[in-house]
Every structure is written in C-alpha cells, then in structure tokens.
Amino acid sequence: MSNTKVLVVMGSDSDFPVMESCFKLLNKFEIPFEAKICSAHRSPVQAAQLSSTAMEKGFGVIIAAAGLAAHLPGVLAAYTILPVIGVPCKGGALQGVDALYAIVQMPTGIPVATVAIDGAANAAILAAQILALGDKILSGRLISYKAELEASVEQRNERLAEKLASVGE
Ligand code: RP5
C-alpha cells in the first residue's frame, strides 16, 4: 500500500486560522489529507492511537500544529516512524516562542521537522516534497510552484521600478 496522504493534527480548533494556509497548499498540490483535532494533554490516548495507526491507514507524513507547551508533534512522533512536521502556533504570553522551543528541542531519537512560528504553508510544502520523492506528478506540481515563486519576484521588481520612478528628490 502506498502512503500518499497527509494527516494534519491540530491541538485545538483555535489553531485552524494558522493552518488554513497549509490546507490551501495541500489542495493546490492535490494531496489528499485528513485533519483532526487532538491534544497531547487533553486527549493523550487518542493522540497515541491516531499516530500509531497512521501508517497502516495510508498516511505518508504527519503535520502537527500546537501552541503553548506544544507537546503534540513530539508525542505523535513517539508513536510512529512516519516523518512528523511540527508547526508552532503563535499565542499566549510568550507569542509562540514557547511552542517553537517545545517542538524543535526534541531529544535524540525522536525528530520533529520544525517550521517557523505559524509556518503552516512551509509545513505543507515540506510534506509535499517528502511525498514527491515517490511521485513524479507531484514533483511536477512542486516544480511549477517554484516557477510561480520566481515569477512573483519578477512582478515585485516591476512594482519596485514603478515606485522608484515616482519617487521625487
Ligand atoms: C494548544 O493550546 C493548542 O494547540 C492551542 O494552540 C493552545 C490553546 O488551545 P485552546 O485553549 O484554544 O483550546 O494545546
């Protein structure tokens, strides 16, 4: 069975606004995904179950988003050999620095690939890049996406040139 789907797990429904860019990009790349809310602290048994059964359900990558004392990505990584990408969510008194440190500072043996605070879009792209290793069609979509990025820089240069032309002395 090929593992072509992405499992997206959020610690709370309050993480949804941050994760919207991730869902949009997964849709853009036409990657099938399932999304669940599950907390390392409030529903730890379900977190273990979700992760330990993910591989047999056809998932190839797990993306886990959490804020505050963000143990969710690490706990999910403990129960699977699938790659886990962690998204630290901004919020609370420490504005996401707590979540970043909790997610990135994993002990040896249980890695979590950590993106920036609120870096949900990059989590989707990284998941796509992992799955594209075994999928030529998806590789092609990623190559097109890079071309779009390059074109957007050219557009920015055109806008810059217009602004500079209207700057006075
Ligand atoms: C974390 O606590 C969640 O991932 C969320 O970022 C944060 C706050 O959760 P709620 O109290 O809004 O449910 O576990």
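Values below: all heavy atoms of this structure, side chains included; hydrogens, waters and symmetry mates excluded. Every number for a ligand or one of its atoms is a count from 1 in the order of the listing. What you see is a predicted model; the values in this text were computed from it and never measured.
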Checklist entry - Can you tell if the side chain of Ile130 reaches within under 4.5 Å of the side chain of Ile85, non-hydrogen atoms only? => result yes
Checklist entry - Which residue owns the protein heavy atom closest to atom 11 (O) of ligand 1, what's the atom, and how far is it? => result Arg42 NH2, 3.1 Å
Next on the checklist: Taking Val115 as the starting point, is it possible to reach Met106 by hopping between hydrophobic residues whose side chains are less than 4.5 Å apart?
Outcome noted: no
Checklist entry - Closest non-hydrogen protein atom to atom 10 (P) of ligand 1, residue and atom name please, with distance? => result Ser12 OG, 3.4 Å
Next on the checklist: For Ala47 versus Leu76, what's the shortest heavy-atom pair and its separation?
Outcome noted: O-CD2, 3.4 Å
Next on the checklist: Considering non-hydrogen atoms of the protein only, which is the closest contact for atom 12 (O) of ligand 1, and what is the distance?
Outcome noted: Ser14 OG, 2.7 Å
Checklist outcome for this item: Between Cys38 and Leu50, the two heavy atoms sitting closest are CB-CD2, 4.0 Å
Item to check | Nearest protein heavy atom with distance in Å, relative to atom 2 (O) of ligand 1 | outcome: Leu68 CD1, 3.7 Å
Checklist entry - To the nearest 0.1 Å, how far is atom 1 (C) of ligand 1 from its closest protein heavy atom, and which atom is that? => result Gly67 O, 3.5 Å
Checklist entry - Counting only heavy atoms, which portion of Ala66 has something under 4.0 Å from ligand 1: side chain, backbone, both, or neither? => result both
Checklist outcome for this item: Minimal heavy-atom distance between Gly86 and Val112, with the atoms involved, is N-CG1, 3.5 Å
Checklist entry - Do Asp15 side-chain atoms and Gly11 backbone N/O form a donor-acceptor pair below 3.5 Å? => result yes
Item to check | Sub-4.0 Å atoms of ligand 1 with respect to non-hydrogen atoms of Gly11 | outcome: 3 (C), 4 (O)
Next on the checklist: Let me check something: do Tyr145 and Leu138 share a hydrophobic cluster, defined by ILVMFWY side-chain heavy atoms less than 4.5 Å apart, either directly or through other members?
Outcome noted: yes
Next on the checklist: How far is atom 4 (O) of ligand 1 from the closest protein heavy atom, and which atom is that?
Outcome noted: Asp15 OD2, 2.6 Å
Item to check | Residue-ligand contact His41/ligand 1, heavy atom below 4.0 Å | outcome: no
